[in-house]
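Quick caveat, the model's predicted, so the values are computed rather than measured. Hydrogens, waters and symmetry mates are skipped; everything else that's a heavy atom, side chains included, is used.
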Amino acid sequence: MKSLFLSAAAAAIMASGATADTSDKRIALSNNYAGNSWRQAMLQSFEDVATSAVSDGAVAQADAFTTSENQATEQAAQIQNMILQGYDAIVVNAASPTAINGAIKEACDAGLTVVSFDGIVTEPCAWRIAVDFKEMGRLQVEYLAGRHPDGGNLLEIRGLAGVFVDDEISAGIHQGVEEFPQFEIVGAVHGDWAQDVAQKAVAGILPSLPEVVGVVTQGGDGYGAAQAFKAAGRDTPLIVLGNRQDEMAWWAEQRDANGYETMSLSIAPGVASLAFWVAQQILDGADVPKDLSVPFLKVTQDTLDETLAATPTGSVATVDYSLDDAKAVIAAAQ
């Protein structure tokens, strides 16, 4: 699933090597939520890469912490505790782009490096790693326009309320509807990026909806949406999926049974491993731009079987980033 290729400039920067020793440094992950398969895959990616980095002597310690609920106040307290525990860097998937800025600033003022990813923060002292979430949303409507040129009604399934990712993807979806006005969003629910939550939410709104030609999503909700339509006895619309294994397995079954065709896209959970290595590089003295971007993973009808075979049951299509990958991403942003 890897698609990173090094340019000559990137290779040159990588060849310059480290400028400091990080073998005594400690990095912590602050995560605001773990209630879906994407977050579980993200935590696993961090653990796999961090454990290997500690074993190899790249850093002294790397620990992951998740708040019990998606609450900014709880995450802020978690970060303050990390400061007191003497960590050198924090990588954070934030509950809010703004609500934990005070704690982020405290960490920076205490000399810690802070790298936010996926759910990024706006505090200027922090680094940010994200995909173009707005484009992810807009692209869904563009795809639907290609499949349904005459347009029609859409159902929007959103993620966790108040989180940067949810706001950005939704904004992109609405931008797409402005670009392709033959579509109308006739209903919206929050699925929290979880199949069970999405299924219940969609089941609750379906009786009030007219015929729907498409469902625009944020990931982790497509299979639940499909089950809700089936239980309601309604035709399955074109549902854009989010790279979850159960979604892709359902897609393959529907394709084989009746030729069902869609697409699937999401940020790779392995972005947590990229954030880890970016933090390590900053501690190592590298000149790292404040804003870094990575492409989202897209699965098409042609790549479905290969991607599904490589994705463990109950997990999400992903890629773990290496130190060299991180150096390439940094170089590309300079």
Side-chain angles (χ1 to χ4, degrees), residues 1-3 29 31-52 64 66 70 93 117-118 131 136 140 157 159-160 165 169 191-203 215 217-231 236-276 294-322 325:
M1 293 295 295
K2 292 218 174 186
S3 60
L29 166 65
N31 176 47
N32 69 302
Y33 178 74
N36 59 42
S37 58
W38 192 97
R39 291 298 180 111
Q40 291 299 317
M42 181 206 76
L43 290 167
Q44 188 62 55
S45 175
F46 181 88
E47 179 181 348
D48 291 346
V49 171
T51 298
S52 178
T66 299
N70 180 38
N93 197 338
F117 68 97
D118 186 41
V131 304
M136 230 173 86
Q140 295 185 53
I157 306 179
L160 277 173
V165 177
I169 296 177
D192 294 358
W193 304 316
Q195 304 289 5
D196 55 343
V197 178
Q199 182 173 349
K200 184 177 180 180
V202 173
V215 180
T217 70
Q218 297 200 4
D221 38 29
Y223 180 72
Q227 296 308 301
F229 274 89
K230 180 180 179 181
T236 303
L238 198 165
I239 304 172
V240 180
L241 305 178
N243 294 1
R244 275 61 170 176
Q245 183 271 337
D246 52 4
E247 295 178 325
M248 294 189 293
W250 172 83
W251 177 9
E253 291 171 359
Q254 297 303 306
R255 176 202 60 193
D256 294 343
N258 55 46
Y260 190 83
E261 183 176 350
T262 186
M263 75 164 180
S264 180
L265 68 172
S266 177
I267 183 173
V271 69
S273 61
L274 176 61
F276 170 84
V294 291
F296 44 76
L297 291 180
K298 180 180 176 183
V299 183
T300 67
Q301 207 82 355
D302 293 336
T303 60
L304 171 59
D305 289 334
E306 176 187 0
T307 307
L308 180 57
T311 305
T313 300
S315 190
V316 186
T318 191
V319 55
D320 285 338
Y321 291 84
S322 68
D325 289 332

(request) Please name the residue in the list Asp221, Asp246, Asn36 that meets the side-chain hydrogen bond (donor to acceptor under 3.5 Å, both in side chains) test with Gln195. (result) Asp246
(message) Would you compute the distance between atom CG of Asn243 and atom CG of Leu308 and round it to the nearest 0.5 angstrom?
(response) 11.0 Å
(request) Could you please spell out the steps behind the side-chain hydrogen bond (donor to acceptor under 3.5 Å, both in side chains) verdict for Asp48 and Gln44? (result) CA-CA 6 Å; Asp48 291 346; Gln44 188 62 55; 2.8 Å; yes
(message) For Ile157 versus Ala225, what's the shortest heavy-atom pair and its separation?
(response) CD1-CB, 3.7 Å
(message) Applying the side chain to side chain contact (heavy atoms under 4.5 Å, CB included) criterion to Arg39, which one of Thr66, Asn32, Val316 satisfies it?
(response) Asn32
(request) Rounded to the nearest 0.5 Å, what's the gap from CD on Gln199 to NZ on Lys230? Could you check? (result) 10.5 Å
(message) Can you list everything that forms a ring-ring contact (aromatic ring centres under 6.0 Å, His included) with Phe296? Sequence neighbours excluded, please.
(response) none
(message) How close do Pro269 and Ala317 get, counting heavy atoms only, and between which atoms?
(response) CD-O, 3.5 Å
(message) Could you tell me if the side chain of Trp38 sits less than 4.5 Å from the side chain of Ile267, heavy atoms only?
(response) yes
(message) Counting only heavy atoms not in Tyr33 (residues, nucleotides, ligands), do more than 12 fall under 6.0 Å from its OH?
(response) yes
(request) Drop me the distance from Glu261's CD to Thr300's OG1, to the nearest 0.5 angstrom. (result) 9.0 Å
(request) Starting at OG1 of Thr262, measure out to CH2 of Trp250 and round the result to the nearest 0.5 Å. (result) 7.5 Å
(request) Answer whether the closest heavy-atom distance between the side chains of Phe46 and Asn93 falls below 4.5 Å. (result) no
(request) Evaluate the side-chain proximity of Gln301 to Trp251: yes if any heavy-atom separation is below 4.5 Å, no if none is. (result) yes
(message) Can you tell me which residue among Leu241, Val240, Thr217, Ile239 is in a side chain to side chain contact (heavy atoms under 4.5 Å, CB included) with Glu247?
(response) Leu241
(message) Taking salt bridge (charged side-chain N to carboxylate O under 4.0 Å, His left out) as the definition, give me every residue that meets it alongside Asp305, ordered by chain and number, with sequence neighbours left out.
(response) Arg255
(message) Tell me the closest heavy-atom pair linking Met42 and Ala272, and the distance in Å.
(response) CG-CB, 3.5 Å
(request) Evaluate the side-chain contact (heavy atoms from CB on, under 4.5 Å) criterion for residues Leu43 and Leu29: first the C-alpha distance (whole Å), next the side-chain angles of each, then the deciding distance (0.1 Å), finally the verdict. (result) CA-CA 9 Å; Leu43 290 167; Leu29 166 65; 3.7 Å; yes
(request) Could you tell me whether the side chain of Ser52 and the main chain of Val49 form a donor-acceptor pair under 3.5 Å? (result) no
(message) Within this structure, what is the CE-OG1 distance for the pair Met263 and Thr303, rounded to the nearest 0.5 Å?
(response) 11.5 Å
(message) Taking the side chain as everything from C-beta on, heavy atoms only, tell me whether Leu274 gets closer than 4.5 Å to Phe117.
(response) no
(request) Would you name the heavy atoms of Ala310 and Pro312 that are closest together and state the gap between them? (result) O-CD, 3.6 Å
(request) Could you tell me which non-hydrogen atom of Gly35 sits nearest to which non-hydrogen atom of Ala194, and how far apart they are? (result) O-CB, 4.1 Å
(message) Counting C-beta onward and ignoring hydrogens, is there a side-chain heavy-atom pair between Ser273 and Ser45 closer than 4.5 Å?
(response) yes
(request) Of all the heavy-atom pairs spanning Gly270 and Asp320, show the shortest one and how long it is. (result) CA-OD1, 4.2 Å
(request) Could you tell me the separation between the OG1 atom of Thr311 and the CE atom of Met248, rounded to the nearest 0.5 Å? (result) 3.5 Å
(request) Indicate yes or no for a side-chain donor-acceptor contact from Asp192 to the backbone of Val197 under 3.5 Å, with no hydrogens or angles considered. (result) no
